[in-house]
Amino acid sequence: MMAWPILRIFRPFYQRHKEVLLYLFFGGLTTVISIGSYGLFLLGGMGALVANVFSWIFAVLFAYITNSIWVFESQAGNLSEKCREIVSFYGGRILTLLMEEGILLVFVEGLKGNAMIVKVIAQAAVVIGNYIISKLLVFRKYDR
């Protein structure tokens, strides 16, 4: 797509910031999946905390696939490295899930805030935390 004549002027910027741009793009899609499924689960009668866990499952599966293939271009070459990558990815996402659950617990369950507004705000903190975890711990480059 960057080879299209109209987009060539952006190529140097894209090459310099490719990882962050792709993370923001796929992170945005992951957020849409998370918030969309969360809303559907709320409409289905689930409580905010349970709906959040189910929406997390869909979002994290999508995020792992896109992050490992396109964003961080996984270097895991064997089964052991791939297993470590998957476990650390999900482990990091569990940490940010707990952070998000805490935000929802305080601001939705405790302070009776709007569940969708709080979810959207919590997603900003989650996206930042997930990027840091993925960049520093999960998709690190292997010495070969």
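Count residues from 1 along the sequence. We use all heavy atoms of the structure for the numbers below, so side chains are in, but hydrogens, waters and symmetry mates are not.
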State, to 0.1 Å, how close G92 and N130 come at their nearest heavy-atom pair, and which atoms those are. O-OD1, 4.3 Å
Could you please spell out the steps behind the side-chain contact (heavy atoms from CB on, under 4.5 Å) verdict for Y14 and L22? CA-CA 9 Å; Y14 174 76; L22 288 173; 4.0 Å; yes
Please evaluate residues L21 and F13 with respect to the criterion side-chain contact (heavy atoms from CB on, under 4.5 Å), reporting the C-alpha separation (whole Å), side-chain torsions for both, the decisive distance (0.1 Å), and the verdict. CA-CA 10 Å; L21 292 171; F13 178 82; 3.9 Å; yes
Which atom of F72 lies closest to which atom of S134, heavy atoms considered: CE1-CB, 3.5 Å
Could you pull out the closest heavy-atom pair between S88 and L137, with the gap in Å? OG-O, 4.3 Å
Carboxylate-amine/guanidinium contact E85 K82, below 4.0 Å: yes
Heavy-atom side-chain contact between T66 and F25 under 4.5 Å: no
Hey, what do you get for CD1 (I121) to CD (E100), rounding to the nearest 0.5 Å? 12.0 Å
Going by the angle between their ring planes, with limits at 30° and 60°, are Y90 and W56 parallel, tilted or perpendicular? perpendicular
Residues Y131 and Y23: closest non-hydrogen pair is N-OH, 3.0 Å
Is there a continuous path of hydrophobic side-chain contacts, each under 4.5 Å between heavy atoms, that joins V126 to M116? yes
Quick check against the 3.5 Å criterion: does N52 have a side-chain atom that pairs as donor or acceptor with the backbone of A48? no
Can you measure from CG (L104) to CE (M99) and round to the nearest 0.5 angstrom? 10.5 Å
ILVMFWY cluster, V108 and M46 together (side-chain gap under 4.5 Å): no
Verify, without hydrogens or angle tests, whether Q75 (side chain) and E73 (backbone) share a donor-acceptor contact under 3.5 angstrom. yes
Given the rule that I, L, V, M, F, W and Y join up when any side-chain heavy atoms are under 4.5 Å apart, are I35 and V127 in one cluster? no
Atom CZ of F54 with >12 non-hydrogen neighbours under 6.0 angstrom: no
Here the gap from F41 atom CZ to S55 atom OG, rounded to the nearest 0.5 Å, amounts to 7.0 Å
Euclidean distance, T96 OG1 relative to Q123 CD, rounded to 0.5 Å: 9.0 Å
Consider only side-chain heavy atoms of I, L, V, M, F, W and Y, link residues closer than 4.5 Å, and tell whether L79 and V138 are in one cluster. no
If you measure from CD1 on I65 to CG on L61, what distance do you get to the nearest 0.5 Å? 4.5 Å
Residue pairs fulfilling side-chain hydrogen bond (donor to acceptor under 3.5 Å, both in side chains) with at least one residue in residues 38-47, sequence neighbours excluded: none
Any donor and acceptor pair, going by atom type alone, linking the side chain of S34 with main-chain N or O of T30 inside 3.5 Å? no
Row check, F89 ring normal vs R93 NZ/CZ: under 6.0 Å, within 45°: yes
Around F107, counting heavy atoms of other residues, nucleotides and ligands shown, do more than 12 lie under 6.0 Å from its CZ? no
Please find the pair of heavy atoms, one from A122 and one from I103, that lie closest to each other, and give the distance. CB-CG2, 3.9 Å
What distance do L40 atom CG and F58 atom CZ have between them, rounded to the nearest 0.5 Å? 9.5 Å
Are I57 and Y64 connected into the same hydrophobic cluster when the rule is that any two of I, L, V, M, F, W, Y join if their side-chain heavy atoms are below 4.5 Å apart? yes
